[in-house]
Amino acid sequence: MSDSNPQTTSTNSSKPSAATASGSLPKSKADLKAERALLHKQRLEKLGVTEASTASQKNMTKQERRQLQEDQRAAKSEAQASNHTTSKKHTALPSDDKQKKPSASQTPLKDQVIPLLQSSFNNISLTTSPNPQAIGSFSHSATSSQLTNSVLNEMAIESILIAEKKIKMFEHLDEPLGRPFNGSSVNKWRGSSLLFDQNSSPSNPASKTKPTFAIHPVIKSIGLRMACSDLNSSNERTQAMLEAFCIVINDYKTPLHNTMARHLQTYLNPQISYLVQMRPLSIGMGNAIRWLKEQISLLDIDKDENSNKTYLVDLINEYIHERIIAAVQSIAVSGSSKINDGDVILTYGYSNSVFNLLSYAFKKKKTNFSVIVVDNRNDISGQKMVRELISLGMARRNDLFYSSNQNDISSFSIDQSEDDPSSRNNSVSYALITALGYLIKQVTKVILGVEAMMGNGAILCRVGTSMVALAAHTSRVPVLAACETYKFTDKVQLDSVVNNELANPESLIWIPAESDQNWIKFNSQSEKLYLPSSIASCMDYSPLPSNRFSAWPTLNNRRTLSDYSTLAKPDSISAESNPHINVHYMSKGRAIANMTSSSAVTTAATKNSNFADRASVMNPLDKDSAQNKWNLLEKENPLANWREQPNLKLLNITRDITPSEFVSVVITEVGLIPTTSIPVVLREYKI
Amino acid sequence: MSTRDLLHLTENFTNRINRRQIIGSLEKALEITNLVQTIVNSTRWEDLSNLLYLIKFTGQQIVRAHPKDLVLFNVICRMIHLVRTEAENAPIFQNNSNDNSLFTPTGTGVSTPKMGLGQSNLGSSSKLVDLLDVNLSKKNQSSVTFRTNLKNCITQGINDFIEELEGSRANIASHALDHVHEIILTCGYSRTVERFFKKAAIKRKFTVIIAETAPWYSGHKLAASLASLNIETIIISDSAVFAMMSRVNKVIIGTKIVMANGGLIACAGSQMIAAAAKYHSIPVVVCASLYKLSPVFPFGQDNLNELEAPDGIFPYKDEIVDQIDVLNPSTDYVAPELIDILVDHLGSHLPSYLYRLLQENYHPDDLRALGAQL
């Protein structure tokens, strides 16, 4: 039996359905098929299996067999998925009788679906092939292949959904980590690169033309952690990236006939683009990378490799210490001079430099001020700020509130020495951004962290910063922005729509509640911040599906990524600990089906073979109680069924631009400067 | 119905508000109207002053129980005003007292700017009741017919008022096409606004961006309702309002109260939305029924605010929740300069025009009598 036969037969079988499905788009479909055939050929060549050799399947290695199986599967599911698109189309047509422009409304959708499918085809290898043992341990391989089919179906549905839920205004921006799923970038990067080295990913057409390199595990680790917002602030991310580069450079060996100055750059490029793929770089990271590349190009060719390496690593460490750590400290010193006794400081979210500033004012300067932390309910980093401020010892004086005896207070304050923190009233308050209008009247200064200072003096920072600055501006409260100079850029941005980063839209549906384990866990998790400097820890990264930044197809469809995280780490806390996130945001029909079906794991045809829902599989509900359960859920969360509401879209942007006139002063390590001086600093200091 | 029964009825009403059994300003307004109707129908009042006293007394009880709920205050004041004007216009008076000086001061006085609220005015109106008293005592012999006549008039007036209340949302919605187009931003959940959009959606295609209004997430409710009506709905977090504002064509919000100066007491977050709109020079339209128009000026805005529990903002499980203050104000004050247009059932007004509406609907005396409770 020849190797190529099953492939061709399966493609043939898929042909009629595909042709009917894409009647309007025969060309792209044909192109696709040709491309696939080519890819397959390349793959076979690469594996050393030529047409002539026709090795029997018994002689093939496990991996090869797997590969073959996958091809078949992919082709089959392609056919199925295209059926999905047709059915989708047919159901959609009668409903939107108002829009009688099918050519405009449907072709883009379909255009998207097909490459999406292709990308999901790559992604499937992610769920199965890298860890066959894990799957085998779970269920035997027959089920796993059927499972992949259903997963693929799910993903096809998901991709259609994502395309439907796109917001016109933000179409130019990438989906949040949906990039592996997103057709537009399918040729740029493979979804499988999450776990595959790029050159071992056999389906990469670029692998022939251009030399590619393995993604270093450290880079993968920090990339994944950035993606799930484990590493979130710009300082953390930049530091983690630079430290990771130190490790990469340490492990790097210059190949023969190459100079380090030239080759290291080409080696680093895919690493960087991997990071970009996981999450767009912050301005500070971009600046650091530019600096690093310049340093690499300036390397002495005559020196031997090792001394060059140590030289580079030293340089990077110097950069980290000088531009980040020392800068934060010097901002703390100069900024805390602006905090006086009796001030009420308002700050937004968590920022490393603002926290250091406040802690310096509190610990070293012993200033008597109180802090109001305003927070965005999605990015609950303000809770981290509150926790850290409280752990510093900031507290309101309890006696002020609890003792009814007036004399008691006065005698108390006289008796205590000035140094005793209990004699000071450093109260910490916490509020959401909706409370701004109420709060701002009592505030005397606003201190903001900054992600990047643009050339026009605008601040790029987490979304909501501009609201805080606006509130302060309208009630004439000075706004101080704490920013290290490595975050300065001469780029200019005027509004927040042109360039932004989209986060998982479903996190808007997630409503924090006491019963939700995730709410508090996500917060306390931040205390153990790993940087690559502690190499041991950075290796045991587990892709915990955070409810905020994780890939949103993942959240939608817990069958894809969360599956493999539970497979990889069956005892991991991810899926089991918050079961109701898993049930929550599926569409109504599927959620109910999930709750009711008992034989979900064994019957592969049902879509409900969800490992994450094992609990519900164990004790299935009858249809009525499942319906009731869903109704309850919908009552407390009216958007639970958002996926089935075609007009309902969610937008979760993560950045915004604060106009420069809102900001009174920028605190940098080079001093306190007005926002208009950003280009001057850039020019004078040649940052 | 004895006084004790009335007290009981009033207490029952305030308790139901306390227990959140009556939610929504329209429901509250209707309940009060019903209460007044009961007073008019079932209590033993001799003459107008007696009736007014009863209503005022009941009103004081209610306002004292809920001093922050200005809707209650508004509606009670309007009811008293309504009873008085109905009595004044009642045919029985016009027949009998045309020769008297009964109407001289008020009849002209009401329309003059001198009567503007906040001024201590003529004192003529307080005389009015006395005059009535004198008048009525003279006509004691015909008091039974007088009473039924007056009762009918007042009932008619109250019915008209109920009609106005019930039709206010529909009336406001009828102005929707004047305002709704392209991209609208809103926040929270207001049934008036919901109705407004639904009406507009019949004729027009537009997009509504909804700020979710944490920690109540009332925006979600509105979104679910609008999306089911084929209106394109985008939910954003409250922090993204400024970022999105540059793409918005109009801000349309509801409110809890419209203050006498044109300012709003609206759901928390409204102020920032209005301020962001102001910065981007985007018009802010407020949909509010007339019964939300309060004759009170917003001195001491915080008195009208309520700080709610930190539920849903900061996890109680975290032990540091004891050491911090979690602030959760339920409302915002939006200054009148941030608002462009107020839409009520009569049409669209500038905030500066409100004093005129106030004069038509409220009587300064009642405000003084009840305002002491605020």
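In what follows, every chain begins at residue 1, and chains take the letters A, B, ... in the order their sequences are listed.
Between N647(A) and I231(B), the closest side-chain pair of non-hydrogen atoms is not below 4.5 Å. Counting only heavy atoms from C-beta outward, the side chains of R377(A) and Y217(B) approach each other to under 4.5 Å. Looking only at side-chain heavy atoms (C-beta outward), H220(B) and N637(A) come within less than 4.5 Å of each other. A heavy-atom distance below 4.5 Å is found between the side chains of L470(A) and M272(B). For the pair Y430(A) and L327(B), the minimum side-chain heavy-atom distance is 4.5 Å or more. When side chains are defined from C-beta on, L651(A) does not count as touching I235(B), because their heavy atoms never get closer than 4.5 Å. Under the 4.5 Å side-chain criterion, counting only non-hydrogen atoms from C-beta, T207(B) is not in contact with K168(A). Side-chain contact check for S427(A) versus I324(B): every heavy-atom pair is 4.5 Å or farther apart.
Heavy-atom pairs under 4.5 Å with chain A were tallied for V208(B), D238(B), I183(B); the largest tally goes to D238(B). Of the listed residues P638(A), S496(A), G382(A), A471(A), the one with more heavy-atom pairs under 4.5 angstrom with chain B than any other is P638(A). For the set V386(A), T474(A), V468(A), L389(A), the entry with the most heavy-atom pairs within less than 4.5 Å of chain B is V386(A). Of the residues considered (I390(A), T658(A), D656(A)), I390(A) shows the highest number of contacts with chain B, using heavy-atom pairs under 4.5 Å.
Heavy atoms of S228(B) lying under 4.5 Å from chain A belong to its backbone as well as its side chain. For a residue to count as touching a neighbouring chain, one of its non-hydrogen atoms must lie under 4.5 Å from one of that chain's; by this rule I210(B) does not touch chain A. E232(B) touches chain A through backbone and side chain together, each having a heavy atom under 4.5 Å away. Proximity to chain A is limited to the side chain of L307(B), based on heavy atoms less than 4.5 angstrom apart. Only the side chain of M169(A) comes within contact range of chain B, with at least one heavy atom under 4.5 Å from a heavy atom of that chain. If you measure heavy-atom distances from N328(B) to chain A, you find no contacts under 4.5 Å at all. Looking at L508(A), the atoms closer than 4.5 Å to chain B (heavy atoms on both sides) sit in the backbone and in the side chain alike. Of the two parts of M245(B), neither the backbone nor the side chain holds a non-hydrogen atom closer than 4.5 Å to a non-hydrogen atom of chain A. Neither the backbone nor the side chain of I440(A) comes within less than 4.5 Å of any heavy atom of chain B.
Rounding to the nearest 0.5 angstrom, the gap separating the CZ atom in F242(B) from the OG1 atom in T465(A) is 11.0 Å. Summarising the geometry, atom CZ belonging to F314(B) is positioned 11.0 Å from atom CG belonging to L432(A); distances are rounded to the nearest 0.5 Å. The CG atom of D495(A) sits 4.5 Å away from the OG atom of S246(B) when rounded to the nearest 0.5 Å. To the nearest 0.5 Å, atom CD1 of residue I653(A) and atom OG of residue S237(B) are 7.0 Å apart. F170(A) CZ to I234(B) CD1: the interatomic distance, rounded to the nearest 0.5 Å, is 8.0 Å.
The number of heavy atoms from other shown groups lying within 6.0 Å of NZ (K199(B)) does not exceed 12. Residue R19(B) places its CZ atom among more than 12 non-hydrogen atoms of other residues, nucleotides or ligands, all under 6.0 Å distant.
Across all non-hydrogen atoms, the minimal contact from A240(B) to V463(A) is CA-CG2, 3.5 Å. Nearest approach of Q383(A) to I313(B), heavy atoms of both residues: NE2-O, 3.0 Å. Taking both residues in full, the closest heavy atoms of P215(B) and T434(A) are given as CD-OG1, 4.3 Å, listed atom of the first, atom of the second, then distance. Nearest heavy-atom pair, L639(A) versus A223(B), reported as atom, atom and distance to 0.1 Å: CD2-CB, 4.3 Å. Across every non-hydrogen atom of A224(B) and Q645(A), the tightest pair is O-NE2, 4.0 Å.
E212(B) places no side-chain N or O within 3.5 Å of a backbone atom of I509(A) that could act as its donor or acceptor partner.
Listed by chain and residue number, D69(B) satisfy the side chain to side chain donor-acceptor pair (under 3.5 Å) test with K28(B) (two or more places apart in sequence, or in another chain).
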inquiry  = Between L436(A) and Q271(B), is the side chain to side chain contact (heavy atoms under 4.5 Å, CB included) condition met? List the steps.
reply    = CA-CA 8 Å; L436(A) 255 186; Q271(B) 186 189 338; over 6 Å; no
